[in-house]
Amino acid sequence: MTRLARDPGFVSRVNTWNIDIDRSLNPLIPAPRWHLVPTPIAHFLGYRDGPVRPLGNVVWAFWSMLGVFCGVALVASVSERVPSFQSRDTPAIIGSFGAAAVIQFCAIESPFAQPRNAFISQMFACLIGVGISKLFALNANAESYLSLGGALACGLTTVAMLLTNTIHPPAGATALLAVTNSETSQLGWFLFPVMILGITLMQVAALIINNIPARYPLYWWTPQPLFRPRHDVEGYQKKGFDEPSQCEDEDSVADMPQRLVIQKGKVQVPDRVFVSPEERSMLDKISERM
């Protein structure tokens, strides 16, 4: 097996089965210009001009609890007051939002929690889940096969998320509920606006609460470099940066090497690396000995 893995021909054949949608999309998507946005607004959109101080798990547990509570309560409260939702007996909240809240307030550095994954994955779940629900409804004995329909919807949603780099586990629950849960399946295609509203409200809560103690999101579209117009590059150079990647931005996650730097009297930890207070203390002691 090792010999085959080292065979260039074998590697080439394996790579032909890999689909990277970002390779085609990223050159077409402009890089964000958070440096042009007023600082208070940019702060709550995830922009930082320096590293974020790590938090201990006790403090983070408090903010996670607050975020999950506010996020779920906001979605449920607003949904209950939408007239079109009331006329269709829409559930106050779709069950998958519970899992989404945990990810978006507890694991904010995970790719699963970033806005692109949270939104696009749920759209795939709605499309596939409702589509299969409608298809199974054509059979008079459909109720006997709902579990299989739910499994199929969940499986196909997983494939869609994997091929588009938008994995978000709660979307699997949405696809499953769209087929097997009576309250959700009766919504039909109206599940789209229900989910869009819920996702938007959850994102708003995450942007406000997560950016108080930490930084969210790490990126809006992808951690990979995005297209940057020439005049943007010139603007960064006027500010004293040789390259755009020297300025903290969405694509700097990929542009800048993720290195832990220890110098005499100074320790630099990448934003995406969590360091506990005990570990930080150890790093400071190493820095003092240099």
Side-chain angles (χ1 to χ4, degrees), residues 39-48 50-82 85 90-122 125 154 161 166-177 181 183-184 194-220 223 250 253 269-283:
T39 301
I41 298 176
H43 178 88
F44 285 97
L45 293 176
Y47 175 78
R48 298 292 187 276
V52 179
R53 184 177 180 180
L55 298 175
N57 62 350
V58 175
V59 176
W60 192 242
F62 166 78
W63 285 104
S64 297
M65 177 194 69
L66 180 64
V68 170
F69 171 80
C70 292
V72 174
L74 178 63
V75 174
S77 179
V78 174
S79 298
E80 290 177 343
R81 289 166 173 77
V82 177
F85 287 15
T90 302
I93 191 166
I94 304 298
S96 58
F97 278 126
V102 172
I103 290 178
Q104 290 186 244
F105 293 99
C106 184
I108 64 175
E109 295 184 346
S110 168
F112 302 160
Q114 307 311 310
R116 172 190 176 184
N117 295 52
F119 183 82
I120 296 180
S121 64
Q122 294 286 17
C154 190
M161 291 189 293
T166 57
I167 299 176
H168 182 65
T174 300
L176 183 65
L177 292 171
N181 184 269
E183 290 186 336
T184 307
V194 172
M195 294 303 299
I196 290 174
L197 176 63
I199 296 168
T200 302
L201 294 173
M202 192 74 73
Q203 283 295 323
V204 170
L207 290 173
I208 295 174
I209 296 175
N210 289 340
N211 277 303
I212 296 175
R215 175 190 177 187
Y216 177 84
L218 293 183
Y219 54 86
W220 282 84
E250 174 176 329
V253 175
V269 181
D271 291 348
R272 303 180 71 187
V273 178
F274 173 78
V275 178
S276 68
E278 294 79 10
E279 293 170 334
R280 182 73 193 201
S281 177
M282 180 184 67
L283 293 174

Fill in the blank from the handout: Rounding to 0.5 Å, atoms SG (Cys106) and CH2 (Trp63) come to a distance of 15.0 Å

Problem - Heavy-atom pair of closest approach, residues Ser79 and Ala92 - result: CB-O, 3.3 Å

Problem - Side-chain heavy atoms of Ser96 within contact of Gln122, under 4.5 Å - result: yes

Problem - Minimal non-hydrogen separation, Leu177 against Thr184, with atom names - result: O-CB, 3.4 Å

Handout entry: Min side-chain heavy-atom separation Tyr219-Gln114 under 4.5 Å
Key = yes

Handout entry: Trp60 CH2 to Phe105 CZ distance, which is reported to the nearest 0.5 Å
Key = 9.5 Å

Problem - Student check: side-chain heavy atoms of Leu207 and Pro217 closer than 4.5 Å - result: yes

Practice task
Using a 4.5 Å cut-off on heavy atoms from C-beta on, say whether the side chain of Ile103 contacts that of Pro170.
Solution key: yes

Problem - Contact check, side chains of His168 and Thr174, non-hydrogen atoms, under 4.5 Å - result: no

Problem - Distance, nearest 0.5 Å, that separates CG of Asn117 from OG of Ser110 - result: 8.0 Å

Exercise for the section: Determine whether Met195 and Phe97 make a side-chain contact, defined as any pair of heavy atoms from C-beta on separated by less than 4.5 Å. Expected result: yes

Handout entry: Distance, nearest 0.5 Å, that separates CD1 of Ile209 from CD1 of Ile108
Key = 11.5 Å

Practice task
Test side chain to side chain contact (heavy atoms under 4.5 Å, CB included) on Ile167 and Ser121 and set out the steps.
Solution key: CA-CA 6 Å; Ile167 299 176; Ser121 64; over 6 Å; no

Exercise for the section: Without swapping roles, check the side chain of Arg116 against the backbone of Pro111 for a donor-acceptor pair under 3.5 Å. Expected result: no

Practice task
Would you mind reporting whether Thr166 and Phe119 have side-chain heavy atoms less than 4.5 Å apart?
Solution key: no

Completion exercise
Note: Val72 and Ala101 closest approach over all heavy atoms is CG2-CB, 3.8 Å

Exercise for the section: Would you mind reporting whether Arg215 and Glu109 have side-chain heavy atoms less than 4.5 Å apart? Expected result: no

Completion exercise
On a heavy-atom basis, the closest approach of Cys154 and Gly172 is SG-O, 3.7 Å

Handout entry: Spacing of CD1 belonging to Ile196 relative to CG belonging to Leu201, to within rounding of 0.5 Å
Key = 12.0 Å

Fill in the blank from the handout: Interatomic distance, NE2@His43 vs CG@Asn211, rounded to 0.5 Å, equals 5.0 Å

Fill in the blank from the handout: For residues 197-207, the side-chain hydrogen bond (donor to acceptor under 3.5 Å, both in side chains) pairs (sequence neighbours left out) are Gln203-Tyr216

Handout entry: Heavy-atom pair with the smallest gap, counting every atom of Ala205 and Gly71
Key = CB-CA, 4.0 Å

Handout entry: Qualifying residues under side-chain contact (heavy atoms from CB on, under 4.5 Å), relative to Val194, sequence neighbours excluded
Key = Phe85, Thr90, Ile94, Leu187, Phe190

